[in-house]
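The next block holds one structure in the form of structure tokens; read it before the comments.
Within every chain, numbering begins at 1; the chains are lettered A, B, ... in the order of the sequence lines, protein sequences first and strands thereafter. Everything numeric here is computed off the predicted structure, so don't read it as measured data.
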There are 2 protein chains.
Amino acid sequence: MHAAVASAGAPPKTLPFGDLQRDRSAPDAAPLGSVRVLAKDEEIFAEGDRTAFFYKVISGAVRTSKLLSDGRRQIDAFHLAGDMLGIEAGDEHRFSAEAVGPAKVVSYRRWSPETLASGNGTFAREVVQAMMRSLERAQNHMLLLGRKSAVEKVATFLLDLAERSFADGHVDLPMSRSDIADHLGLTIETVSRSLTQLERDRVIEVPAHRRTIVLRDRAALRRLNS
Amino acid sequence: MHAAVASAGAPPKTLPFGDLQRDRSAPDAAPLGSVRVLAKDEEIFAEGDRTAFFYKVISGAVRTSKLLSDGRRQIDAFHLAGDMLGIEAGDEHRFSAEAVGPAKVVSYRRWSPETLASGNGTFAREVVQAMMRSLERAQNHMLLLGRKSAVEKVATFLLDLAERSFADGHVDLPMSRSDIADHLGLTIETVSRSLTQLERDRVIEVPAHRRTIVLRDRAALRRLNS
DNA sequence: CGTGTTATTGACTTCATTCAAATTAGGTGG
DNA sequence: CCACCTAATTTGAATGAAGTCAATAACACG
């Protein structure tokens, strides 16, 4: 368990993003994927597609989402540079993935559960870590969706994105208000109003081109994060 | 769509629930855990506890939940017989777990990511599968929390529980309305009203002791599931 | 510069919550 | 077996937070 503690404590940072490029020289036969360049809103895979590949974001952002029959959409996550997506248990993707803006991803041939459990390389470990990270995010996000108010949702979202990007005093939103709304379980109007309220309360600042948010009072944001 | 839900139910079945008991005879040294008998509401672990163990439910039901500082609670999942819980990346549990009613669980000493990635036994495979199943459930649940109406939430919940239990025409709810509410992001009153509405619409029947629900019109429930 | 898209703001509505009360279930001791 | 008691659930009425509909406003791009 000690070993687990050590490697689990700082898992994201211990696995550099460019890691996989180096697998060429690694002993285990990690499949080195091919790079795919994506335009805004370009689809990577759709819900129900065969899970032939999974992906890692090189640059830009990718959203994964599910739809109800009448078109209501839930974006379960935004994937930034270094994040993996499309790892599935079954043989079909359970959500669709599209580029939020121009983006680059690497695709890897799908592993079997056997590969994962028996492969002893860095690659398998990285995939397991990615899966667990997704699970943790999903659990936090359920708390947000089920129990937080609109303003709290937006505050949490901004804080989270600020931590994941490496910019410090501000966040650059790669996604539209509509994407944010569908991620937070709100409407675009409510997202907009929440941002306005946070700005009124001097917690954030929203410069002219509305895709940058300046974090003025992190403590206040953290308080809203409860 | 439906097929997706159906296939989600299927893969778990390939790993029999009693699996671990048989690890005694398996070649890899899977840690055979000790059984713990739990009373109603008894805590298995708390948010922030060291992740020394993880667990598998033998009988009864277990809830895992997260709290906000002011007491708002989100139950991210109910774990029934055969389900695993408490598998974490870090060295601390990110949610707490309590028995919903009288229950039995087996505890296993925590694996390290290395164990998981390098172990080639059924045990490692089962843990990976359990993790992926959790992730799938979480993703479906985010769609529910973010985008479904109260009645849709309750309908989805009943259908899901009916599939996971093996009873066919009815569901026995091991948990209180309060637990259901905190799982669906609602209040107990709204859960109750939703059940009443479904009963008015002849979709379900709620016998005297209100912990059993008779599913009268599965098609209607599935429609609400979108 | 227009033009189409994206975002903000306002007025009104609605669904779920809150607060409060009534009802029912289930356990305990007589 | 019954009366009582406590906790759980249901129901009702009023409120409120977020949604809907509709109208600007501000960009981004050719």
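The side chain of R210(B) places no N or O atom within less than 4.0 Å of a non-bridging phosphate oxygen (OP1 or OP2) of dT24(C). Between T187(A) and dT20(D), a side-chain N or O to OP1/OP2 separation shorter than 4.0 Å is absent. For the OP1/OP2 pair of dA7(C) and a distance below 4.0 Å, the side-chain nitrogens and oxygens of R211(A) include at least one atom meeting the criterion.
Taking atom CG on D41(A) and atom P on dT5(C), their separation rounds to 12 Å, with Å as the unit. Atom P of nucleotide dT24(D) and atom CD of E189(A) are separated by 16 Å, given to the nearest angstrom. Remark: P of dA18(D) and CG of L145(B) are 15 Å apart, rounded to the nearest angstrom. Atom CD of E205(B) is separated from atom C1' of dT10(D) by 18 Å (rounded to the nearest Å).
Under 4.0 Å is where a charged nitrogen must lie from a carboxylate oxygen, and between D172(B) and R211(B) no such pair does. With salt bridges taken as basic N to acidic carboxylate O contacts below 4.0 Å, one links D182(B) and R147(A).
Map V206(A) and R147(A) each onto its nearest nucleotide of DNA chain C; the residue landing nearer the 5' end is V206(A).
Annotation for I180(A) and M175(A): closest pair CG1-CG, 3.6 Å, computed over non-hydrogen atoms. The two atoms that bring E152(A) and S226(A) nearest to each other are OE2-OG, 4.4 Å, heavy atoms only.
Listed nucleotides: dT9(D), dA18(D), dT9(C). Nearest to the side chain of S192(A): dT9(C). Considering only side-chain atoms of R193(A), the nucleotide from dA16(C), dT20(D), dT6(C) that sits closest is dT20(D). Looking at the side chain of R177(A), the nearest of the listed nucleotides dG19(D), dA7(C), dT9(D) is dA7(C).
Residue contacts for T190(B): at a heavy-atom cut-off of 4.0 Å it reaches a base atom on one of the strands shown.
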